[in-house]
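Notes for the one structure printed next.
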2 protein chains.
Amino acid sequence: MQLPEAKGKFIEAWGKLGSEWGINRTMAQVHALLLVSPAALTTEEIMEELKISRGNANMTLRDLINWGLVEKQHKAGERKEYFFADKDTWNIARQVAKERRKRELDPIIKILDELSKVEGDSKDEAFKTFNKSVTDINKLAKNVDKTLETMLKAEENWFWKSIFKMFK
Amino acid sequence: MQLPEAKGKFIEAWGKLGSEWGINRTMAQVHALLLVSPAALTTEEIMEELKISRGNANMTLRDLINWGLVEKQHKAGERKEYFFADKDTWNIARQVAKERRKRELDPIIKILDELSKVEGDSKDEAFKTFNKSVTDINKLAKNVDKTLETMLKAEENWFWKSIFKMFK
DNA sequence: TTTAACTTTCAAAATTTCATGAAAGTTTAT
DNA sequence: ATAAACTTTCATGAAATTTTGAAAGTTAAA
């Protein structure tokens, strides 16, 4: 396999993975493209390579910047903006974890905390089951939350070392 | 807040979380409903409670069964089928991890392994960047894979005890 | 074997999500 | 101040996904 073909496959695979995880396909593809590009790219180049419209490219790049996965670069003496992706996978993983935690885990923990407080007749099966499920899920969510927090603070090696201690 | 309202909120929240993670909203809602139901429910009851069609209920339940999150129950002397969800959050988490690993992580690792093998001119920046990103992501994916494998084998307590060691 | 209860399928409709591109906006150079 | 280079917005349409419900299929009792 040659590089251009491999590049295409990588972009396609990353796009598919993204869409399975609630990240839009194009966003994942633009990210993939920037990940394998040694130099920062312009909007034009991204549009060209991925065959997407200007509007789409612009919005997608903005999203990627909001996710903290891509940064703008200004080149001295040039009007155009260049975009590049952080290539450090550990940073990428942490950044994604951080965003999803903020956007998804935090809100659900808030709701679960509220629902944990609901009171009812402890002889009522419906109430008992509701309460048990909600508090159990709440506990799990909080464990996940703590683990993510640790991950966000951790150095890559330390984190995986800790994880792999579990194997011994 | 009273139980019925709380139940509704829980179903809504679980549905939203599901859709943010690539699981269809209805599927997550049916799962939520079964999680808070002390007894197994019929298709009719699920249709009624969530205001969904028979076809949708049927397909959704089949999916949940395929994910290993819901089981059928036959009641002696009855024609109808009843459905209930495993209420153990640890089992739920493991089951979801197991399915997603099989459906998503395994295929991407396969592709990354292939792409890691691509050869090229080590003086070519494009090749160098491609190669580094691909192999780095591959390593990360394999770490995640191993961690999931451990999690799947682990007993609940043992797993969380190990996680909490990380905090000390 | 017939019937009725119940389940499954699937083509069409509804909804949701995503991409487009022209127009509006912004910035910099002259 | 104007023009040119470049970026952003957003109404609209296209595509993908989800839902519906009626018809077909299945099963078990009579």
Side-chain angles (χ1 to χ4, degrees), chain A residues 11-12 14-34 40-67 70-84 100 103-104, chain B residues 11-12 14-34 39-67 69-84 100 103-104:
Chain A
I11 289 169
E12 196 187 325
W14 205 238
K16 193 177 168 214
L17 191 70
S19 66
E20 284 164 340
W21 285 84
I23 286 153
N24 114 5
R25 200 173 45 87
T26 305
M27 183 170 157
Q29 287 184 336
V30 170
H31 186 223
L33 174 60
L34 292 173
L41 302 179
T42 62
T43 304
E44 295 287 340
E45 289 168 316
I46 292 165
M47 287 165 60
E48 162 68 18
E49 185 115 19
L50 300 179
K51 308 285 183 226
I52 61 175
S53 72
R54 183 172 302 286
N56 194 7
N58 183 269
M59 286 183 142
T60 295
L61 284 165
R62 191 205 301 160
D63 285 349
L64 283 167
I65 290 170
N66 285 339
W67 274 76
V70 164
E71 286 177 45
K72 279 189 187 178
Q73 192 173 66
H74 288 281
K75 291 202 179 177
E78 289 216 44
R79 296 280 303 268
K80 264 180 288 204
E81 288 186 313
Y82 287 76
F83 300 89
F84 72 99
R100 300 205 78 150
R103 295 170 195 220
E104 295 153 22
Chain B
I11 289 169
E12 198 188 325
W14 205 238
K16 192 175 168 218
L17 191 72
S19 67
E20 284 165 340
W21 285 84
I23 285 153
N24 120 5
R25 200 172 47 87
T26 306
M27 184 168 154
Q29 288 184 335
V30 170
H31 187 224
L33 174 60
L34 292 174
L41 302 179
T42 62
T43 303
E44 296 287 340
E45 289 168 316
I46 292 165
M47 286 165 59
E48 162 69 18
E49 185 115 18
L50 300 179
K51 307 287 183 224
I52 61 173
S53 73
R54 183 173 302 286
N56 195 5
N58 182 269
M59 285 181 142
T60 295
L61 284 165
R62 192 205 301 161
D63 285 349
L64 283 167
I65 290 170
N66 286 339
W67 274 74
L69 296 172
V70 164
E71 286 176 45
K72 279 189 188 179
Q73 193 174 64
H74 288 279
K75 291 202 180 177
E78 290 215 44
R79 293 283 302 273
K80 263 181 288 203
E81 289 186 313
Y82 287 77
F83 300 90
F84 71 99
R100 299 206 78 150
R103 294 171 196 218
E104 295 153 23

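Since we're looking at a predicted model, the values are computed, not measured. The sequence lines fix the lettering, A, B, ..., with proteins before strands; numbering per chain opens at 1.
- With rounding to whole Å, A:Lys80 atom NZ is found 8 Å from D:dT7 atom P.
- Annotation: side chain to side chain donor-acceptor pair (under 3.5 Å) contacts of B:Lys75 (sequence neighbours excluded): none.
- With sequence neighbours excluded, no residue forms a side chain to side chain donor-acceptor pair (under 3.5 Å) with A:Lys80.
- One atom, CZ of B:Arg25, and another, P of C:dT15, lie 12 Å apart when rounded to the nearest Å.
- For B:Thr42, the side chain to side chain donor-acceptor pair (under 3.5 Å) partners two or more places apart in sequence, or in a different chain, are B:Glu45.
- Rounded to whole Å, atom P of D:dT26 lies 14 Å from atom CD of B:Glu81.
- An OP1 or OP2 oxygen of C:dT7 is reached within less than 4.0 angstrom by no side-chain nitrogen or oxygen of B:Asn58.
- Rounded to a whole Å, the NZ atom of A:Lys51 is 18 Å from the P atom of D:dA15.
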List every contact pair, protein side and nucleotides 21-30 of chain C side both N or O, where the distance is under 3.5 Å.
{"unit_1": "C:dT27", "atom_1": "O2", "unit_2": "A:Arg79", "atom_2": "NH2", "d": "2.8"}

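- In this structure, B:Asn24 does not reach the C:dT16 phosphate: none of its side-chain N or O atoms is under 4.0 Å from OP1 or OP2.
- A:Thr26 has a side-chain polar atom (N or O) that falls below the 4.0 Å cut-off from OP1 or OP2 of C:dA19.
- Applying the side chain to side chain donor-acceptor pair (under 3.5 Å) rule to A:Arg79 yields no partners; only residues at least two apart in sequence or on another chain are considered.
- One can place CD of B:Glu44 at 12 Å from P of C:dA5, the figure rounded to the nearest angstrom.
- Rounded to an integer number of Å, the gap from B:Leu61 CG to D:dT18 C1' is 16 Å.
- Counting only residues at least two apart or in different chains, side-chain hydrogen bond (donor to acceptor under 3.5 Å, both in side chains) contacts with residues 17-26 of chain B comprise A:Glu104-B:Trp21.
- Scanning both residues, B:Trp14 and B:Ala32, for their nearest heavy atoms gives CD1-CB, 3.5 Å.
- Between B:Phe83 and B:Thr43, the shortest heavy-atom distance links the atoms CE1-OG1, 3.4 Å.
- Rounded to whole angstrom, the span from the NZ atom of B:Lys75 across to the P atom of D:dA28 amounts to 18 Å.
- One can place CD of B:Glu48 at 13 Å from P of D:dT20, the figure rounded to the nearest angstrom.
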